[in-house]
J.: 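Have a look at this one.
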2 protein chains.
Amino acid sequence: MARRSDSQGRLDDAARAGWLYYVAGRTQDEIAAAMGISRQSAQRLVSLAVAERLIKVRLDHPISACLELSNALRDKFNLRYIDVVPSDPVGTSTTVGIAEAAAAEIERWLKKPEPIVLAIGTGRTLKAAVDQLPSMECPQHRIVSLTGNITPDGSAAYYNVIFSMADAIKARHFPMPLPVLCSSAEERVLLHGQPIVQSTLTLGAAADVTFVGIGELGEDAPLCVDGFLAPDDMAALMSRGAVGEICGWMFDQNGKLLADPINDRVASVPIPPRERGTVIGVALGRRKERSMAAALRGGMINGLITDEKTAEHMLSA
Amino acid sequence: MARRSDSQGRLDDAARAGWLYYVAGRTQDEIAAAMGISRQSAQRLVSLAVAERLIKVRLDHPISACLELSNALRDKFNLRYIDVVPSDPVGTSTTVGIAEAAAAEIERWLKKPEPIVLAIGTGRTLKAAVDQLPSMECPQHRIVSLTGNITPDGSAAYYNVIFSMADAIKARHFPMPLPVLCSSAEERVLLHGQPIVQSTLTLGAAADVTFVGIGELGEDAPLCVDGFLAPDDMAALMSRGAVGEICGWMFDQNGKLLADPINDRVASVPIPPRERGTVIGVALGRRKERSMAAALRGGMINGLITDEKTAEHMLSA
DNA sequence: TCATAAAATGAGTAATTGCCCATGAGCAAG
DNA sequence: CTTGCTCATGGGCAATTACTCATTTTATGA
């Protein structure tokens with residue numbers, strides 16, 4: 001088949017090889033013969049196709065164990081949406097599975113013909129999810145970021161979900177050019193008064209569906225690791241009853257927003273109302289169980305994507 | 001996880017195994033250990049998941065559609081070679097894409113160490129293709145032109161593919177110093193009796209691979225534009241059932257050579273036999289669709305390089 | 001309870017794939 | 001022109017996967 005010398009052509013070849021391998025079911029030997037390259041090169045192209053995420057695999061079957069957990073969780077927490085994926089037995093990497101599941105659900109929403117507002121938070125899990133999204137043309141939708149992407153040092157190095165998403169999804173997108181935490185309540189008032197931020201706030205309140213990560217608290221929590229909160233402040237916050245956060249909004253063990261000065265400094269868009277829209281939490285893992293259970297209990301989220309193991313803990317909690 | 005003996009449970013296990021294999025990327029050994037079964041059983045479950053189409057693989061790349069079209073066309077018309085390149089979205093039928101693809105395929109043949117005979121027709125598309133060829137030293141091969149390059153007024157202004165090719169490719173080349181059409185069948189006999197033409201005819205019949213354009217008929221067809229055929233003659237020819245031409249050889253809508261006096265006047269080398277060699281048509285565009293479909297249907301060509309849009313029409317034709 | 005057929009199993013083996021490494025082409029800097 | 005660097009290539013080999021076949025297990029009905 002046609003070979004082109006530039007790197008674009010290499011990706012094309014990778015796509016061809018990947019297609020022949022995974023979709024057409026050819027062996028790498030056959031692919032090599034068909035493309036006029038060595039078997040090793042064919043293998044490299046197939047690897048490249050996987051590495052470049054050209055090949056998307058998904059499982060289309062409700063595994064009964066997961067299904068049972070799903071139903072139980074839906075009833076217990078009155079959820080609008082629930083997806084439980086099988087646990088990785090080894091379970092070292094934290095986003096395997098739910099990233100694909102979250103991507104599939106995001107895609108399902110984006111495929112709707114009628115215009116929607118999709119809000120999204122940040123975090124490693126959501127980043128992994130949007131990286132799974134295929135290219136789509138969705139001019140009818142609007143995508144809004146709930147959380148700022150500016151770190152305390154002024155850079156934009158946080159998990160930059162909205163921009164990664166914009167790479168794949170052709171839709172109007174509204175970033176949040178603020179830090180996660182302001183220095184004071186007064187500063188927040190000032191920042192939120194900016195016209196650009198105003199429109200994002202308005203849009204966020206009208207979100208039809210929202211995808212958020214669920215953050216745990218502690219010294220190795222994302223908020224500390226990424227420098228938004230000093231370890232001392234974190235400890236103090238936890239002693240005042242905070243157990244988790246969603247987009248920076250701190251909540252207690254009952255899943256209620258913490259009545260604490262820190263929440264007056266959170267620059268994020270308020271979590272969209274659950275009465276009208278679906279707010280889907282995407283998280284898994286032992287460390288997040290406590291905050292996830294609280295968020296579910298208090299109705300901070302009314303949708304959940306998690307794995308089997310975590311789902312079991314949510315049920316027994 | 002516990003194994004279930006009913007077939008539903010078996011499918012569940014298959015789904016689980018398939019998920020672990022394709023999504024989580026674990027080996028079948030690991031899956032076997034995790035599920036408490038033998039590795040053979042794990043392999044069977046993975047196979048089952050694929051066979052039952054529980055695992056959906058998708059290629060997220062523009063050329064995926066091209067590959068599907070390629071396979072469908074290959075099956076439908078029993079092709080030895082097929083390459084479908086992405087359509088130029090703006091594209092009002094240029095040679096963008098297929099010229100490069102044709103050049104790449106020509107190059108692939110020329111890179112073979114064992115001697116081959118490569119035959120080539122003429123036309124704007126092929127001209128664009130050979131212009132893409134890099135310099136190569138191929139003393140082992142022979143290149144033969146199937147079609148004359150002399151216009152009715154005696155000049156050599158037609159798309160001069162063989163000489164352009166000879167500029168780039170160092171190989172023995174055999175031009176066809178005749179017009180496309182003779183004035184009569186008797187003249188053809190006379191011209192074909194010349195020793196130089198004889199050797200070209202012999203070589204053409206032995207071509208291993210052939211690249212030809214596919215010409216449409218009509219007032220603005222190349223044959224008219226370049227003055228080989230008067231508009232009146234063209235109209236008469238079409239009324240007698242001609243729908244297209246390859247190297248001047250007229251064929252009907254079934255892709256069979258037209259039983260018509262004009263084909264006795266065609267000075268070109270007969271199209272090399274398809275039983276032994278590969279005859280690749282290189283063409284695209286709405287105006288050529290009818291003649292392309294006929295040529296494919298009748299087996300005048302057993303290879304095709306075209307674009308996505310045209311390929312779709314070939315399938316639905 | 002037993003006979004029978006169908007399905008599942010695991011050993012063995014062939015085929016396929018993944019990966020390391022030496023090699024050489026291509027290319028930029030000196 | 002030489003040197004040094006990068007990177008694609010293909011050989012070789014180990015790991016992994018697919019398949020075959022004899023045997024065992026399971027389901028079913030009399």
J.: Are Ser41(B) and dA8(C) close enough that a side-chain N or O sits under 4.0 Å from OP1 or OP2?
T.: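 Ser41(B) to dA8(C) OP1/OP2: no side-chain N or O under 4.0 Å.
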J.: If the sugar-phosphate is the primed atoms plus P, OP1 and OP2 and the base is the rest, what is the B/S/- string for nucleotides 16-22 of chain C, using protein heavy atoms under 4.0 Å?
T.: SBBBB--
J.: Please confirm whether the backbone N or O of Pro272(B) pairs with a side-chain atom of Thr210(B), one donor and one acceptor, at under 3.5 Å?
T.: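 Answer holds: no.
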J.: Provide the full list of salt bridge (Lys or Arg N to Asp or Glu O under 4.0 Å) pairs with a residue in residues 271-281 of chain B, sequence neighbours left out, each pair given once.
T.: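 As it turns out, the salt bridge (Lys or Arg N to Asp or Glu O under 4.0 Å) pairs with a partner in residues 271-281 of chain B, which skip direct neighbours, are Asp208(B)-Arg276(B).
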J.: Holding to salt bridge (Lys or Arg N to Asp or Glu O under 4.0 Å), I want the full list of residues that pass it with Glu107(A), two or more places apart in sequence or in another chain.
T.: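 Glu107(A) satisfies salt bridge (Lys or Arg N to Asp or Glu O under 4.0 Å) with Lys111(A), Arg58(B) once adjacent residues are dropped.
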J.: Please identify each residue that fulfils side chain to side chain contact (heavy atoms under 4.5 Å, CB included) with Lys76(A), with sequence neighbours left out.
T.: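 Lys76(A) satisfies side chain to side chain contact (heavy atoms under 4.5 Å, CB included) with Leu315(A) once adjacent residues are dropped.
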J.: What integer distance in Å separates Ile37(B):CD1 from dT17(D):P?
T.: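 So the CD1-P distance, Ile37(B) to dT17(D), works out to 13 Å.
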J.: With heavy-atom distances below 4.5 Å as the criterion, would you say the side chains of Ile55(B) and Leu59(A) are in contact?
T.: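 Yes; the side chains approach each other to less than 4.5 Å.
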J.: Looking only at heavy atoms, what is the nearest atom pair of Leu79(B) and Leu296(B), with distance?
T.: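 Minimum heavy-atom contact is CD2-CD2, 3.9 Å.
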J.: What residues form a salt bridge (Lys or Arg N to Asp or Glu O under 4.0 Å) with Asp29(A), not counting sequence neighbours?
T.: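 Once residues adjacent in sequence are excluded, Asp29(A) has no partner under the salt bridge (Lys or Arg N to Asp or Glu O under 4.0 Å) criterion.
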J.: Rounding to 10 degrees, work out the angle separating the end axes of the helix from dT1(C)-dA30(D) to dG30(C)-dC1(D) (five pairs an end).
T.: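 Inter-axis angle at the termini of the helix from dT1(C)-dA30(D) to dG30(C)-dC1(D): 40°.
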J.: Please examine the side chains of Met314(B) and Val84(B), heavy atoms only from C-beta on, and report whether any two atoms are closer than 4.5 Å.
T.: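 Val84(B) vs Met314(B): side chains apart.
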